[in-house]
Amino acid sequence: ENYLKLKSSYLFVEVARREQEFIKNNPDANVIKMGIGDVTKPLVPAVVDAFRNAVDEMADGETFMGYGPEQGYGFLAEAIIKNDYEKYGISLDTSEVFISDGAKCDTGNIQEIFGIDNKIAVTDPVYTVYVDTNVMAGRTGEMGDDGMYEGLTYLKANAENGFIPELPEEPVDIIYLCFPNNPTGTTLTKDQLKVFVDYAKENKAIILFDSAYEAFISEDDVPHSIYEIEGAKEVAIEFRSFSKTAGFTGTRCAYTVVPKELKGYTADGEEVEINPLWNRRQTTKFNGASYPVQRAAEATYSEEGQKQIKEVIEYYMENAKIIRESLTDIGLEVYGGVSSPYIWVKTPNNMDSWDFFDILLNEANVIGTPGSGFGPSGEGYLRLTAFNTLENTIEAMDRISKLEF
Ligand code: PLP
């Protein structure tokens, strides 16, 4: 019954249907896809070398590795702590870092450790995994005509409130936040994020902080980890991924931080440590990311690795800059794209998201993603991504710049 309530797979299916129909009717058109949230550049040499060496180890009886720790290898957890946390003054123990094969699975699976009666808040628009996994678990009713599931709290984020999600009006137990945000590409400053940490402390809520796009942060006042906010270890779980940071979308490696200080509460109000619960979940249902993949992820932290992945991020961010500037020049309102590979474009003349999608497809042969697919507050917006070649990005912007709205 819960799975039958799900609605949202419509978005990418419908985008693909319209694209196919357009290509059928216009076989010679050079369609540029700017809707995809997948990287386009290959793994960097430092990563490939480490990956190859680890495969060679697997081929030798002396160095072969079987099952590894379900929580991930210590060598990778230590590299993560040193490079992603200590740099920002955050100390963690390796037992607080859980390595996995993706932030999608982790952000999707995490809700299993919480009670079915917990009240959940998500931002609107949203990365739909947070919503759908709670629908699957049975924490919601049906989706209403307004595009919202009964029983979920939606925290609106749009141009009117500067994409700073509203605090929940009714008490909630769990808040999903994603910054830099997918789909809007916007960020929160330390002070803005602190408001949520303070709310969570006051209301005994837990923040599930997805920071899959951390590597794209370029603004000084944007925190790289929620744990930069004082007291956040008591109320937040953080999700990170090598997917967008280092092109691991097809290689698969991510991690989740569950601090020892983080507490939840039983129905009777008894305080419970969350870290052992996630450990129990992972050791029961997960057998670890593969050894070569974890060695490849470790290599992203070597001196060469850091230099090489930084160059790739800079390449994408040059595309993002071109998109932002070109669209701003023709009078469109654009958001994001500064500390994120996503650019969130306000449709001209209050057009709806799908009408704008159709104009870009039919008249510029450019494919975006209609904002309405990410939640009701995404209506009137369209998402473009910087994951493309520089040449395609320039060509797409040239074509859009010639349109008249
Ligand atoms: N979280 C967000 C916000 C994402 O946009 C994505 C991928 O698009 C993921 C998580 C998935 O990451 P992974 O490839 O590690 O599963």
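In each ligand, atom 1 is the first atom listed, and ligand 1 is the first ligand listed. As the structure is a prediction and not an experimental result, all values here were calculated from the model.
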Report summary line: CG of L382 to CG of L332, rounded to nearest 0.5 Å, is 10.0 Å

Query raised in the report: To which of Y127, F179, F242 does the heavy atom nearest atom 6 (C) of ligand 1 belong?
Result: Y127

Query raised in the report: Is there a heavy atom in Y213 that sits closer than 4.0 Å to ligand 1?
Result: yes

Requested in this report: Measure the distance from atom 8 (O) of ligand 1 to every protein heavy atom, then report the residue, atom name and distance (to 0.1 Å) of the closest one.
Outcome: K244 NZ, 2.8 Å

Query raised in the report: For atom 14 (O) of ligand 1, what's the nearest protein heavy atom and its distance?
Result: S243 OG, 2.5 Å

Query raised in the report: Any idea which part of C178 is under 4.0 Å from ligand 1, heavy-atom wise: side chain, backbone, both or neither?
Result: side chain

Requested in this report: Compute the centroid of each ring, for F196 and then for F209, and state whether the two points are separated by less than 6.0 Å.
Outcome: no

Requested in this report: Measure from NZ or CZ of R281 to the centre of the six-membered ring of F286 and say whether it is under 6.0 Å with the direction within 45° of the ring axis.
Outcome: no

Query raised in the report: Does any non-hydrogen side-chain atom of Y335 lie less than 4.5 Å from one of I343?
Result: no

Requested in this report: Identify, by atom number and element, the atoms of ligand 1 in contact range of K104, meaning under 4.0 Å from any of its heavy atoms.
Outcome: 11 (C), 12 (O), 13 (P), 16 (O)

Query raised in the report: Is the Lys NZ or Arg CZ of K41 less than 6.0 Å from the centre of Y315's six-membered ring, within 45° of the axis?
Result: yes

**Report entry** Distance filter under 4.0 Å to G102 heavy atoms, resulting ligand 1 atoms
**Finding:** 15 (O), 16 (O)

Query raised in the report: N/O to N/O below 3.5 Å, does that happen between Y342 and ligand 1?
Result: no

Query raised in the report: Going by the order shown, which atoms of ligand 1 are within less than 4.0 Å of some heavy atom of N182?
Result: 3 (C), 4 (C), 5 (O)

Query - From CA spacing to verdict: side chain to side chain contact (heavy atoms under 4.5 Å, CB included), C253, L76 - result: CA-CA 11 Å; C253 198; L76 180 54; 4.0 Å; yes

Report task. Look at atom 3 (C) of ligand 1 and find which of D101, D38, D106, D210 reaches it with the closest heavy atom. Result -> D210

Query raised in the report: Would one find an N or O of A254, backbone or side chain, under 3.5 Å from an N or O of ligand 1?
Result: no

Report task. Measure from the ring center of F356 to the ring center of F405 and say whether it is less than 6.0 Å. Result -> yes

Query raised in the report: Once the angle between the rings of W344 and F374 is folded into 0 to 90°, is it parallel (under 30°), tilted (30 to 60°) or perpendicular (over 60°)?
Result: perpendicular

